[in-house]
Q: 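Before I ask anything, here is the structure I am working with.
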Amino acid sequence: MALNDDDLKARMNRFVPPTAAILGQEILEIDSAAGRVKMKFQPIDACRNPMGNVQGGIVVAMLDDAAAFAAIIKSGKRIGIPTIELKTSFFAPAKAGVPLYAEGRCLKLGKRVAFMEADLFDEEGTLLARLTTSAIPIELDGPSKLVDRQ
């Protein structure tokens, strides 16, 4: 039986990738039909760069998760979504110690390739960074590597 979007959101917030604790990840909204996810992040202090902002690679990790989650929820099944390529444009620093918000969108989910994008915003809605990416959807079986957040 397929889960509705609210049940899927609850499950995805409970069973998370190990990096979720580092990134302070929480799924806020899912639209599986549209392949769209909204997420909140609050990375741990160790994710700061020498200027005190969130380090750029951490920003990329947050956006990569948002984009991948969008493809996963659009697929409606258990898939992995290994990246083929990605590009990130940075528009403003991501301030540390405050919530950051991402919207991931699956633009096209094919059998051999998926195209996604994700944007990162601050609390005022300022666009901080945009990621575009493509990946290979792979159906998974066997145990997952997710962590039960409880």
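On a predicted model such as this, the values are computed, not experimentally measured, just so you know.
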Q: Look only at the side chain of Ser134 and the backbone of Ala114, and say whether a donor-acceptor pair between them is shorter than 3.5 Å.
A: no
Q: Measuring from atom CG of Leu131 to atom CZ of Phe90, what distance do you get when rounded to the nearest 0.5 angstrom?
A: 8.5 Å
Q: What is the distance from atom CZ of Arg36 to atom CD of Glu29, rounded to the nearest 0.5 Å?
A: 4.5 Å
Q: Can you tell me which residue pairs pass the side-chain hydrogen bond (donor to acceptor under 3.5 Å, both in side chains) test with a partner in residues 87-96, sequence neighbours excluded?
A: Lys87-Ser89
Q: State plainly whether one hydrophobic cluster holds both Val54 and Leu86, where clusters connect Ile, Leu, Val, Met, Phe, Trp and Tyr through side-chain heavy atoms under 4.5 angstrom apart.
A: yes
Q: Please report the closest heavy-atom contact between Ile73 and Met12, naming both atoms and the distance.
A: CG2-SD, 3.5 Å
Q: What closest approach, in Å, do Ala70 and Val37 show between heavy atoms, and which atom pair accounts for it?
A: N-CG1, 3.8 Å
Q: Whether Asp119 and Arg105 form a salt bridge (side-chain N of Lys/Arg under 4.0 Å from carboxylate O of Asp/Glu) is what I want to check.
A: yes
Q: CG of Asp65 to OG1 of Thr19: how many Å apart, nearest 0.5 Å?
A: 5.0 Å
Q: Share the residues that join Leu28 in a hydrophobic cluster, the rule being Ile, Leu, Val, Met, Phe, Trp or Tyr side chains under 4.5 Å apart at the heavy-atom level.
A: Tyr101
Q: Would you confirm whether Glu124, through its side chain, and Thr126, through its main-chain N or O, come within 3.5 Å as a donor-acceptor pair?
A: no
Q: Enter the distance from Leu127:CG to Phe121:CZ here, rounded to the nearest 0.5 Å.
A: 5.0 Å
Q: Under the rule for side chain to side chain contact (heavy atoms under 4.5 Å, CB included), what residues qualify as partners of Ala71, not counting sequence neighbours?
A: Ile81, Cys106, Met116
Q: Check whether any side-chain N or O of Asn13 sits under 3.5 Å from a backbone N or O of Ile27 as a donor-acceptor pair, and report yes or no.
A: yes
Q: List, one per line, each side-chain donor-acceptor pair under 3.5 Å for residues 39-50, sequence neighbours excluded.
A:
| residue | atom | partner | partner atom | Å |
| --- | --- | --- | --- | --- |
| Gln42 | NE2 | Gly97 | O | 3.1 |
| Asp45 | OD1 | Arg48 | NE | 3.4 |
| Asp45 | OD1 | Arg48 | NH2 | 3.0 |
| Asn49 | OD1 | Met51 | N | 2.9 |
| Asn49 | OD1 | Gly52 | N | 3.0 |
| Asn49 | OD1 | Asn53 | N | 3.1 |

Q: Distance from Asp31 atom CG to Glu103 atom CD, nearest 0.5 Å?
A: 10.0 Å
Q: Restricting to non-hydrogen atoms, name the atom on Val59 and the atom on Ala129 that form the minimum distance, rounded to 0.1 Å.
A: CG1-CB, 3.8 Å
Q: If I compare all heavy atoms of Ala94 with all of Leu100, which pair ends up nearest, and what's the gap?
A: CB-CD1, 4.0 Å
Q: Output the distance between atom CD1 (Ile30) and atom NZ (Lys74), rounded to the nearest 0.5 Å.
A: 14.0 Å
Q: Identify, with sequence neighbours excluded, every residue that meets side chain to side chain contact (heavy atoms under 4.5 Å, CB included) alongside Ala118.
A: Leu63, Ala66, Ala67
Q: Using the salt bridge (charged side-chain N to carboxylate O under 4.0 Å, His left out) criterion, which residues pair with Lys77? Sequence neighbours excluded.
A: Glu139
